[in-house]
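Heads up: the structure comes next, in structure tokens.
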Amino acid sequence: MEPVPLCRGEVILTIEQPQQMMSVDWKSSRAAAVVVPDAMSIAAAKSHVGKRPVGALINADGWNPEEDIGAKWPSERLIGRFKNIARRAIHAHADFFYLRMRQNLHTLRAAVLAITDQSGLGILVELPVDEDGRTADGSSAMAVVGILQRIGVAGVILSGEPEDVDDVIAELAPYANIALGVSVDPRGLRDMQQLSSVEFYHTCEPKEIERMLENAPLSCSGNEPDADDDYILAPVGMHAHFVDATIDISDPIDMEDHFGEMLLELEDQWSGALKLEINTPDDVHLLAEVQYMLNRPVCLEAEDPELLEQALRVFDGIALYDGTWELDSDIFDYFRQHYGLVAL
């Protein structure tokens, strides 16, 4: 991935309507980069904003599950829809992508996979958080960031009430290996305590840039995570889990029609992680359908690398790999970079 061209308290400006570009004095503007609402606006933006990088906005909205009927595996049509959007932006020479989490983690992750399938451009994600540190679908912000930072996202912008965002920054900063940013009311920046861990600010109103900079303290040279390196952040869906290399993994669990019932039975059996065997495409579909029931870290294994990739593609989390089925080093590196697969 190419680095996102923003850091150290700089400002990214989002143009919600193309006509807003005409109201900005670009010669004096403090914006370091600009995001436009669609691929058609990229060329016009580049003619106005000088050498500033121009990013393409993608709203990670959901889809009708019936659209998956006939797809090679679950959600592939959703990924395909985002691929089409990304392809148009790349053709129009976007410099990076700006994703907004509008619905749920599954949709957001599909959008990221679509972009990384298409290009090596940097990705920023705007993540709304509430007072409990949860996103729009109830996911833990820690879990979402833990997934995003392993699948190619370069930075996360937290949006919401300043006090809520401040609390989430304090929680995330020790574990974030990507840039953190904020999108809040400029008046609230002055009262935030955690901005030393923030690398950039965001505003959607051109007239707010100067006021934002007046209220925003200078950030430090960048966030330096200080979490214990012996523990791995391996989220499963909306839940964050921390594991180490010695985690106890269950015996192989064969995916079958009664897998959901088996998961309920396993709740009373202790093991640090569940090892799921993927033997057929039906197992992939079943994993997609019942993964919301998983309440602990997951180790995926499959003798067929293609089946393993299908499982990684639908699994909304960071999967573990214990080497039961040996993977070619090049294939493992691809799975690690693209899907965040973690070797124990």
Side-chain angles (χ1 to χ4, degrees), residues 58-65 67-68 71-83 99-117 123 125-129 133-153 156 172 175 178 232-243 253 255 259-260 263 273-276 278 281-302 307-321 335-342:
I58 296 180
N59 288 317
D61 294 321
W63 87 115
N64 182 349
E67 294 178 5
D68 268 344
K72 186 175 181 181
W73 56 76
S75 307
E76 195 61 21
R77 290 188 188 271
L78 176 62
I79 294 173
R81 179 164 67 84
F82 286 124
K83 278 186 179 182
L99 304 184
R100 280 186 177 147
M101 183 177 184
R102 295 283 289 269
Q103 188 174 48
N104 55 49
L105 171 61
H106 178 77
T107 307
L108 175 63
R109 184 174 176 275
V112 173
L113 291 180
I115 292 172
T116 55
D117 280 349
I123 302 171
V125 171
E126 183 180 326
L127 198 66
V129 294
R134 300 263 169 194
T135 63
D137 65 346
S139 297
S140 157
M142 179 72 76
V144 177
V145 171
I147 293 170
L148 296 181
Q149 69 184 12
R150 285 190 174 273
I151 63 173
V153 172
V156 169
L172 292 179
Y175 305 98
I178 55 178
I232 302 163
L233 176 55
V236 174
M238 61 179 59
H239 306 294
H241 298 281
F242 291 88
V243 304
I253 300 171
M255 305 283 288
F259 180 62
L263 286 179
L274 300 176
K275 179 185 290 189
L276 307 183
I278 308 297
D282 288 340
D283 292 343
V284 176
H285 284 260
L286 188 57
L287 172 63
E289 291 175 359
V290 304
Q291 62 178 310
Y292 71 93
M293 299 177 63
L294 297 168
N295 61 0
R296 67 191 82 178
V298 168
C299 178
L300 291 177
E301 66 169 38
L307 273 178
L308 180 56
E309 179 170 19
Q310 292 177 21
L312 290 169
R313 209 157 171 84
V314 304
F315 178 57
D316 293 327
I318 297 299
L320 306 176
Y321 169 69
F335 288 166
R336 176 181 56 81
Q337 295 171 13
H338 203 63
Y339 304 108
L341 185 64
V342 173

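Here the structure is a predicted model, which is why all the values come from computation and not from measurement.
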Would His241 and Leu320 satisfy side-chain contact (heavy atoms from CB on, under 4.5 Å), going step by step from the backbone distance to the final call? CA-CA 12 Å; His241 298 281; Leu320 306 176; over 6 Å; no
Between Tyr321 and Phe335, does the ring centroid distance fall short of 6.0 Å? no
Give me the atom names and distance for the closest heavy-atom approach of Ile151 to Gly340. CG2-N, 4.0 Å
Quick one: pull up NE2 in His338 and CZ in Arg313 and give me the separation to the nearest 0.5 Å. 5.0 Å
Could you tell me whether the side chain of Val112 reaches within less than 4.5 Å of the side chain of Ile123, counting heavy atoms only? yes
Minimum heavy-atom distance between Met101 and Ala60, given as atom pair plus value: CA-CB, 4.5 Å
Any idea which heavy atoms bring Val236 and Leu294 closest together, and the distance? CG1-CB, 3.9 Å
Run the side-chain hydrogen bond (donor to acceptor under 3.5 Å, both in side chains) test on Tyr339 and Glu309 for me, step by step, so that the C-alpha distance in whole Å, both residues' side-chain angles and the decisive distance to 0.1 Å come before the verdict. CA-CA 9 Å; Tyr339 304 108; Glu309 179 170 19; 2.6 Å; yes
Evaluate Ser139 against Arg134 for side-chain contact (heavy atoms from CB on, under 4.5 Å), listing each step before the verdict. CA-CA 5 Å; Ser139 297; Arg134 300 263 169 194; 5.7 Å; no
Interatomic spacing from CG in Leu276 to CG in Asp283 - rounded to 0.5 Å: 9.5 Å
Heavy-atom distance under 4.5 Å between the side chains of Ile58 and Phe82, does that happen here? yes
May I have the step-by-step check of side-chain contact (heavy atoms from CB on, under 4.5 Å) for Leu300 and Leu341, ending in yes or no? CA-CA 9 Å; Leu300 291 177; Leu341 185 64; 5.7 Å; no
Contact between Val144 and Val156 at the side-chain level, heavy atoms closer than 4.5 Å - yes or no? no
Main-chain N/O of Asp316 paired to Gln291 side chain as donor or acceptor, under 3.5 Å: yes
Give me the atom names and distance for the closest heavy-atom approach of Ile147 to Gly237. CD1-O, 3.9 Å
Just so I know, are the side chains of Val145 and Leu233 near enough to count as touching, which here means a heavy-atom distance under 4.5 Å? no
From CG (Leu99) to CZ (Arg109), nearest 0.5 Å: 13.5 Å
Closest non-hydrogen contact found for Gly146 with Ile318 is O-CG1, 4.0 Å
Roughly how far, to the nearest 0.5 Å, is CE of Met255 from CG of Leu287? 4.5 Å
So which heavy atom on Leu105 is nearest to which on Met238, and how close? CD2-N, 4.4 Å
Any donor-acceptor N/O pair, Asn59 side chain to Asp61 backbone, under 3.5 Å: no
Quick check for you: to the nearest 0.5 Å, what is the distance between Ile278 atom CD1 and Leu308 atom CG? 8.0 Å
To the nearest 0.5 angstrom, please state how far the CE atom of Met142 sits from the CG atom of Leu172. 5.0 Å
